Engineer: 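Shown below is the structure under consideration.
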There are 2 protein chains.
Amino acid sequence: MTDIHKPAERRRLSMVDVAAHAGVSVGTVSNVLNRPELVAKPTLRRVRASIKALGFVPNAPARQLRGGASRSVGVMVRDIGNPFFTEVLPGIETRLSQEELLLVLCSSSDSVEKEAYYLQILEQHRVPGILITPAGDDISHLVELRRRGIGMVLLDRPGADSQLCAVAVDNVRGGELAGAHLLSLGHRRIGFLNGPSIVRQCADRRKGLDNAVRAAGLDPGEVVTEVTLPALTPREGEAALERLSLRGGPTALFCVNDTVALGALRGLEQRGVGVPHDMAVMGYDDVEFAAALSPSLTSIRQPKHQLGHAAAELLLTDSRGDAGHWHQEIVFQPELIIRASTGASLSRPGR
Amino acid sequence: MTDIHKPAERRRLSMVDVAAHAGVSVGTVSNVLNRPELVAKPTLRRVRASIKALGFVPNAPARQLRGGASRSVGVMVRDIGNPFFTEVLPGIETRLSQEELLLVLCSSSDSVEKEAYYLQILEQHRVPGILITPAGDDISHLVELRRRGIGMVLLDRPGADSQLCAVAVDNVRGGELAGAHLLSLGHRRIGFLNGPSIVRQCADRRKGLDNAVRAAGLDPGEVVTEVTLPALTPREGEAALERLSLRGGPTALFCVNDTVALGALRGLEQRGVGVPHDMAVMGYDDVEFAAALSPSLTSIRQPKHQLGHAAAELLLTDSRGDAGHWHQEIVFQPELIIRASTGASLSRPGR
DNA sequence: CGCGAGGATTGAAATGTTTCAAATAGTTGG
DNA sequence: CCAACTATTTGAAACATTTCAATCCTCGCG
């Protein structure tokens, strides 16, 4: 007969209480929880009954204090609002939940300081690993964390020369695909709505675009007009149009991601600029909604779910500290998805 | 001169090491960290120098063991892939990060078992609070957790009779708005692409739709044809069209959310059904991309950022266990956003 | 010169686990 | 009936903190 008289017990139950209730030692209770095969059947039953009767819930921090690393991994993104991350997250979550790992989500909001702050907290929590899309260009602090024993995998960012594992999509190649596509349609003046060039992905896509222009025997300086947005949101995408002379300016717009393209599309419609006739537009990422936009958006597809899954996988091996594992880099290839917004069957851009 | 000879020290540093290095007791080190005002200036300097020199990082689990509750709150969503949650998350994150709280993200994938599993882990971690969109209809287990001292706030779900705080948008009202809009355009046969009715939001929106139909003096059984989707994804939205006799069937489609509407739009286009002329379509949530779809999507707007922010706020007061705080419910009002997909200026649905 | 006040520091208990060597009980073979 | 095992169980140390009563100084004042 378990009978709780106290209306609201102050102290939470511990294994000591369970042990007393079941008439065994704490060591045995611990064994029931962690190595039940060592415990005799009847004892097992009895202890389990006590646990249930008392409503005992093990204390994870205490466990961890003794045991070592935590069961949560950190995932740091630059902006949770970005649908790209939303589509990568399920891939990560799927893999982590298989390992019964908790996912601690941090958003650096593109601030190096906030990133540093969160990293510090994660280290204090003794997480076994961190999956991160760094806010800044310098990743030496990440290498340092890795050296201190925290698994570290760069997400959507090449590890390059550094000692870090990385999972990325080839952004230079993506930029090339986009550039080549627009050039093949006859465009010779391309507006590039880009993010800040300290963001690696942005810089790489620009590089790819330039490569494509040069490959066509043209001068990037002549062909490409870049507008740098402070943030990759629809609002900024729309606002960026102001800084671009629409008439007599570019005949095509390459947006550094679909979110920006969405804003651009909205803005162009308001200004009565027809897409793709007056202006071709393409995005990047091929997020879920790209195909359903008006007009449907040509984009560069990234295997987002796979990206997340592979990153999680790599993090698992990295944080296990498997011998024989040094840094590894997985690079996925982007894919050009042609849709209406670039009017692929266009003879020559108007005017 | 701090000189580390060991190539890779096994044991991590603890406050004991810092104390030794600085020539003080551990108690003092602790004071430096937690109540620096109690410590004499020179000592403070010395200890801080030692911390830096040794690279000491406090151990959060140990801290918590002594101190009590953790600095992480749980956020349980039904599906991280759903853009609705993506747009709610920033609101939550903003508020939590102000309190220097970590956000542990759990996705129940609409499984009651997975939800229960995660809740158990969160309880073990002694989180001070949980923000949750429950997977099932029964929330008694949540009330129980609350009783055990874990702050609990229902997200996007009315707390109703129960003892829980809740932040929600009035889904019945949303359904009414949608229904009234379609009816006012002359539609008399409405297809409703709904989710499983155990999901509260789905059931409520249906109820609202029926209300609107009745308010117009009509019989919901005649007007509404519901198709129940197993999951609220574009894919399922598209597939659902098969189960609806498009010709001679409904003249309008109400989709339980924008993600489903996106799929429906895609499917209708493939089948050559013109929107809004042959079929009016509306969604729910008014997510970021709704305005830019082809055609732009009429939807029911929910104040998503506010929703997240308010939920986090409520959770903070609830987990502080402030006296004078009992359960509180915040209900936001949805708003009808009319766009092209319902062809608002339509005389009468064709055929 | 002695005393008390008050600031600074210390030492040890307490937190809830896990782990492991040692103790105990139970069983089998001789 | 004992020895030698084996299967269980136990008790205490260890983990890294925080907290708090107790101690130690150092001044200032009478």
Side-chain angles (χ1 to χ4, degrees), chain A residues 9-48 50-51 54-71 120-121 123-128 148-149, chain B residues 9-48 50-51 54-71 120-121 123-128 148-149:
Chain A
E9 335 84 283
R10 209 75 309 270
R11 198 177 58 81
R12 272 200 94 113
L13 295 157
S14 78
M15 293 194 351
V16 177
D17 303 291
V18 175
H21 187 270
V24 296
S25 74
V26 284
T28 300
V29 177
S30 174
N31 283 336
V32 168
L33 259 28
N34 304 299
R35 296 123 85 192
E37 70 280 4
L38 292 186
V39 181
K41 288 278 153 51
T43 316
L44 202 58
R45 261 197 301 279
R46 199 149 36 91
V47 173
R48 283 187 172 149
S50 297
I51 289 177
L54 298 177
F56 165 72
V57 177
N59 183 316
R63 222 162 223 235
Q64 201 182 126
L65 172 56
R66 191 79 225 298
S70 109
R71 303 285 308 156
Q120 199 185 328
I121 305 282
E123 186 179 12
Q124 293 184 5
H125 278 264
R126 303 290 189 263
V127 296
R148 289 197 230 155
Chain B
E9 337 85 279
R10 209 66 323 257
R11 200 176 59 78
R12 273 199 93 112
L13 294 158
S14 77
M15 295 193 351
V16 176
D17 303 291
V18 175
H21 186 270
V24 297
S25 73
V26 284
T28 300
V29 177
S30 173
N31 283 337
V32 169
L33 259 27
N34 305 298
R35 295 124 85 193
E37 70 281 5
L38 293 186
V39 181
K41 287 280 153 50
T43 316
L44 203 58
R45 260 198 302 280
R46 200 150 34 90
V47 173
R48 285 189 170 147
S50 297
I51 288 177
L54 297 177
F56 165 71
V57 178
N59 182 317
R63 219 163 225 238
Q64 203 182 124
L65 173 57
R66 191 80 227 297
S70 111
R71 302 285 308 156
Q120 197 185 329
I121 305 281
E123 186 179 11
Q124 293 184 4
H125 277 265
R126 301 292 189 263
V127 296
R148 290 197 230 156

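Per chain, numbering begins at 1; letters A, B, ... match sequence-line order. Bear in mind that the values here come from a model prediction, so they are computed numbers and not experimental data.
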Engineer: Nearest whole angstrom, please: distance from the P of dA14(C) to the CG of Leu65(B).
Structural biologist: 14 Å
Engineer: Could you check whether any side-chain heavy atom of Leu13(A) comes within less than 4.5 Å of a side-chain heavy atom of Val18(A), counting everything from C-beta outward?
Structural biologist: no
Engineer: From CG of Leu38(A) over to C1' of dA23(C), roughly how many Å is that when rounded to an integer?
Structural biologist: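 Leu38(A) atom CG is separated from dA23(C) atom C1' by 16 Å.
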Engineer: Less than 4.5 Å apart, any side-chain heavy atom of Gln64(A) and any of Gln64(B)?
Structural biologist: no
Engineer: Let me check something: any side-chain donor-acceptor pairs from residues 32-40 of chain A under 3.5 Å, sequence neighbours excluded? List them with distances.
Structural biologist:
unit_1: Asn34(A); atom_1: ND2; unit_2: Ser30(A); atom_2: O; d: 3.0
unit_1: Asn34(A); atom_1: ND2; unit_2: Ser30(A); atom_2: OG; d: 3.3

Engineer: Rounded to whole angstroms, how far apart are CG on Leu44(A) and C1' on dA7(D)?
Structural biologist: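 One finds 14 Å between C1' of dA7(D) and CG of Leu44(A), rounded.
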Engineer: Is Gln120(B) close to Val57(A) at the side-chain level, that is, under 4.5 Å between some pair of heavy atoms?
Structural biologist: no
Engineer: Please determine, for the side chain of Val24(A), which listed nucleotide (dT10(C), dT10(D), dT9(D)) has the closest atom?
Structural biologist: dT10(D)
Engineer: Distance check: side-chain N/O of Thr28(A) vs OP1/OP2 of dT10(D), anything under 4.0 Å?
Structural biologist: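 For Thr28(A), the contact criterion (side-chain N or O under 4.0 Å from OP1 or OP2 of dT10(D)) is met.
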Engineer: If you compare every side-chain N and O of Ser25(A) against the phosphate oxygens of dG11(D) (OP1, OP2), does one of them come in below 4.0 Å?
Structural biologist: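 So the side-chain polar atoms of Ser25(A) never come under 4.0 Å of the phosphate oxygens OP1 or OP2 of dG11(D).
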Engineer: Does the protein touch nucleotides 17-24 of chain D at the base, only the backbone, or not at all? Give it as B, S and - per nucleotide, heavy atoms under 4.0 Å.
Structural biologist: BBB-----
Engineer: Hey, are the side chains of Arg63(B) and Asn59(B) touching, using non-hydrogen atoms and a 4.5 Å cut-off?
Structural biologist: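 Sidechains of Asn59(B) and Arg63(B): no contact.
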Engineer: Between Arg126(A) and Ser70(A) (side chain of the first, backbone of the second, donor and acceptor by atom type, cut-off under 3.5 Å), is there such a pair?
Structural biologist: no
Engineer: In whole Å, I'd like the distance from the CD atom of Glu37(A) to the C1' atom of dA7(D).
Structural biologist: 13 Å
Engineer: Gln64(A) has an atom CD; how far is it from atom C1' of dT18(C), in whole Å?
Structural biologist: 13 Å
Engineer: Round to a whole Å and report the spacing from NZ of Lys41(A) to P of dT9(D).
Structural biologist: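 Value for this atom pair: 12 Å.
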